[in-house]
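Lettering of chains follows the sequences in order, A, B, ..., and the numbering in each one begins at 1.
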There are 2 protein chains.
Amino acid sequence: MARTGTEELRRRNRAALLEQLHRHGPQTRAELTEALGLNRSTIGALATDLAESGHLQETTGRSTGSAGRPSTLVECVPKAATVAAVEIRARSVRFALVGLGGEVLERTESGLDEDADPMDAVAVITGGTAAEAIEAVAAVPGLVDAGVVAHSTELGWAGRDASADLEAATGREWRVVDTATAAAVGEWSRGDAHESTKLLYLHGGRGLTAGLVIEGRAQRGGSIQLGHIVVKPGGLECACGLLGCLEAEMEAFAYTEDIEHATAAAGLGDAAARDRLRRAGQDLGRALGAVVTATGPDEILFGGWLRELYLSAAAPVRSALAETTLPHLRSKLRLRTPVLGEEGPLIGAAEAGFAAVIDRMR
Amino acid sequence: MARTGTEELRRRNRAALLEQLHRHGPQTRAELTEALGLNRSTIGALATDLAESGHLQETTGRSTGSAGRPSTLVECVPKAATVAAVEIRARSVRFALVGLGGEVLERTESGLDEDADPMDAVAVITGGTAAEAIEAVAAVPGLVDAGVVAHSTELGWAGRDASADLEAATGREWRVVDTATAAAVGEWSRGDAHESTKLLYLHGGRGLTAGLVIEGRAQRGGSIQLGHIVVKPGGLECACGLLGCLEAEMEAFAYTEDIEHATAAAGLGDAAARDRLRRAGQDLGRALGAVVTATGPDEILFGGWLRELYLSAAAPVRSALAETTLPHLRSKLRLRTPVLGEEGPLIGAAEAGFAAVIDRMR
DNA sequence: CGTCATATGTTGCAGTCAACAACAAATCTC
DNA sequence: GAGATTTGTTGTTGACTGCAACATATGACG
C-alpha cells in the first residue's frame, strides 16, 4: 500500500507537474497553474523544487503581447532522465536514447545475421548508454507476458525469458513490451492519435500483432495476436500449429516489398496481383472485424507493412470490415496510417519507461 | 481538475476506508490500519468521522482469543446509502435495492407483456424506493454507449436513449450499463471470481453478449457483442443485417428450455439433438476463440442459458476453442459457470452505482 | 486472584503541505 | 508616464497525518 502522510500529496503534485511538462512540452507557470488546478504559490514551490533536482529548467518570461507580467517558462531537461529503447526485429535491432520531454537524443540501427542472437546485438548497440539510462525498455514483436515472450512468429520464440536474457547480456534490468502496443502508445502520446480513447494499432512485421491503448494506457496483458485469429477454420496450417490463421492465409504477403511489387504489378494491369491484394485485404478485414467486435476501438492505425497493404487495398479491407461488424461499432471508427512511421515502437517503448519513472515518483 | 489541498487527502482516505469495508465486509480498526497503511490515530479519526455521518457503525470489540485489547469492529450501515438496480429483459423486469456493504434489502420481479414498454414497468417496480436510493442503475442486454442502447437483440432496440427514457418514466437519473458487464462485475466483486485479473462473462439471453472486467474495473466502452461475431462469412442472415453472425447460426437455441430439451433428448439417445448441441458448442467455441485472442482473459464464465449449453456441450466448446487460440492464451484460461446465478447482473449493476458513490466522495 | 505481557484506542504535539492575501515586479495601453 | 493587468513571492493560516506517551482491555501465568 502507498505510503501516506502529507508528503505523499507533495510527491503526487511533483509527479503531476513533471508529467504535464513531459507530455505537453514547455509551458509557463501560469499555464501549469491552470492545468493542474493548483495555486500559484504551490506551482512556484514545486517548480523550484524540481529545478533544484535538475529535472526542470526555468527561463525568464518573454512577453506574450498581452498585458501583465510575463510568466516564466518551464521545460524539462532532457538529460535529467533518459530512457534507452530498443526494438528487436528479425533482421535488425534499432536503438534510441530518449530524454525527458520526449526528445530523441541518439538513434542507431544495426543489421542482424540470420543466426545471431538479438540480445548480443542489443548489448553492442546500446553500449555504455544503457547503463546511464534510468530505464531500459525493449520492444519485441509478439505476445509478451511479464517479461517472457510467450509467442513470437517473427523471432521464432516461444516462452523465452527476454527480460532475464537481456539482463544477462547487458548487465542491467530491462522492461519488455510488445512492439504493437509500444507503437500504439507512441502514436497516442507523440503522434496525432491523441484524441482517440480506444486506439488499435496493427503491426505488420514477419507476424501480425496489434496493440490497444485505452485512454492513453496500454491494455494490460499485452498485444493481440492478430495473425492468429482464425479466419478459415480448417484452413492452411500455420507455424503455430493452428489451422486457418490469418498469418497462414496471408502468407503470400509478409514484407513491405511484397506489397510494393504486387501494387506495382496491379497498377500495370496484372489481374492476378490485383486479386491477391484484394483477398489479402479481405482476410485482414475479416480478422479485424472480430477484433473490432471484441474490443470496440474508435481508431485503427495500419503500421509496418500493413500500411502499404491498407493503402493498396483499403476498399476490400473496409468492405470486409463492414460485413463483420455492427454499424454502431463502425460508425465511430476511423481507419488511418501512423504518422511516426518506423519510429513509433521506439518512441512508445520509451514512453513506457517514462511512465514507470513518473509512477515511481508518486 | 480535482480540488486540492490537504482536505483532498482526507477525502481520499475516507473514501478508501469506506470502499474497504464495502468490498471486504466488517473489519476491526486494527485490520483497517493494516489494510490502508495508515496510522491508528488516523483510522480512528476517519472512522468516527464516518460514524458521525451515519455511514459506519462501530461495535465494541469482542475478544479474539489472543492477548491484547480487543479491537473495535467497524461495519457499513446498509441503509446509509442504497442503490436501486434493475435488470431489463425481454419478458420481465427485475429489481433489487442494495445497501452499502452489498446487502440486498429488497428484491422483486415482474413479468412483462409483449407490447409493454419496460420503462413503465421499471417505474412501477421501483416505486418510491428509486427516489430514496442514492444511485439508480439499469442493466440492459446489448451495446450501451453513454446511456444510449446502440443495439440490443433481446429488446429490439437500436439507438434508444434508455437513460433519458428512464428519467422520463421515473423522475430520477439513471445510470445505464450492459447486463453482461454488470454480471461480470458482480461475479468479480461478490462471486468467487475475485482472483481473476481479466474476467470474461458470457451472457446468454435472447442475444449473446459478453462483458470484460480487468482488475476489477469494467472495460470502458461497454459490452462485447459476442452474438455478432461472424463465424461463417456469407452464412445465415442475422436480424442485425450481417451474414453468418453467431446469433444467426445458433438461432436454434435461444432459451434455457431449448437446451434442456435437447440435453434430455440427447441423453435418451437422440442423435439429432446431440448433433445440434455439438454444433452449437462448436460455433460458440469458434466465436469465443476470436474474442479470447483479442482480449486474453484468464477466466470465462458462462452465464444465462449459455450455462446450460456449456454444461451440456463443454467438450465441443473446448475443442473449438483449442482450434482457434494459441496454447499460451489457453494455458491460463479457466472455463466455469457463475455462482451468483440470476442475481449477478443486479448485484453488479448495484456495484457500479456504489463505485460512483465512492468515487464522488474523493 | 493478582501481576505482567500484549495489543489497541486516545490524546496532545510536531512536521508538512496547500490555499490565501498582500505585496512586488514586469508588461501593455492610452 | 500613469494606470490597468497579469504574474511571481512571501508570510500566515487551517488542516491533515504520523508519532509518542498514556489509558484501556484482554490473555497468560504463577
### Query
What is the nucleic acid contact for A/Thr33, judged by heavy atoms within less than 4.0 Å: base, sugar-phosphate only, or nothing?
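Nothing, no nucleic acid heavy atom in range.
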In whole angstrom, what separates [X]'s [atom1] from [N]'s [atom2]?
| X | N | atom1 | atom2 | value |
| --- | --- | --- | --- | --- |
| A/Leu46 | C/dC17 | CG | P | 10 Å |
| A/Leu38 | C/dT16 | CG | P | 20 Å |
| B/Glu8 | C/dC17 | CD | P | 15 Å |
| A/Leu9 | D/dA15 | CG | C1' | 11 Å |
| B/Leu36 | D/dT17 | CG | P | 11 Å |
| A/Arg10 | D/dT17 | CZ | C1' | 16 Å |
| A/Arg12 | C/dA18 | CZ | C1' | 15 Å |
| B/Arg11 | D/dT17 | CZ | C1' | 16 Å |

Contact under 4.0 Å: [X] side-chain N or O vs [N] OP1/OP2:
| X | N | result |
| --- | --- | --- |
| A/Asn13 | C/dA18 | yes |
| A/Arg29 | D/dT7 | no |
| B/Thr6 | C/dC17 | no |
| A/Ser71 | D/dG8 | yes |

### Query
Just by modelled atom types, is the B/Thr197 backbone N or O under 3.5 Å from a matching donor or acceptor in the B/Asp298 side chain?
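Yes, the answer is positive, given that a donor and an acceptor are paired below the 3.5 Å cut-off.
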Side-chain heavy-atom pair [X], [Y] within 4.5 angstrom cut-off:
| X | Y | result |
| --- | --- | --- |
| A/Leu346 | A/Val104 | no |
| A/Glu31 | A/Glu34 | no |
| A/Glu187 | A/Glu299 | no |
| A/Phe95 | A/Glu106 | yes |

### Message
Can you build the contact string for nucleotides 20-30 of chain D? Use B for base contact, S for sugar-phosphate-only contact, and - for no protein heavy atom under 4.0 Å.
### Response
-B-BBBBS---
### Message
Whether B/Glu343 and B/Arg190 form a salt bridge (side-chain N of Lys/Arg under 4.0 Å from carboxylate O of Asp/Glu) is what I want to check.
### Response
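No, B/Arg190 and B/Glu343 are not salt-bridged.
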### Query
Are the charged groups of A/Arg334 and A/Glu195 less than 4.0 angstrom apart, N to O?
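A salt bridge is absent here (no side-chain N lies under 4.0 Å from a carboxylate O).
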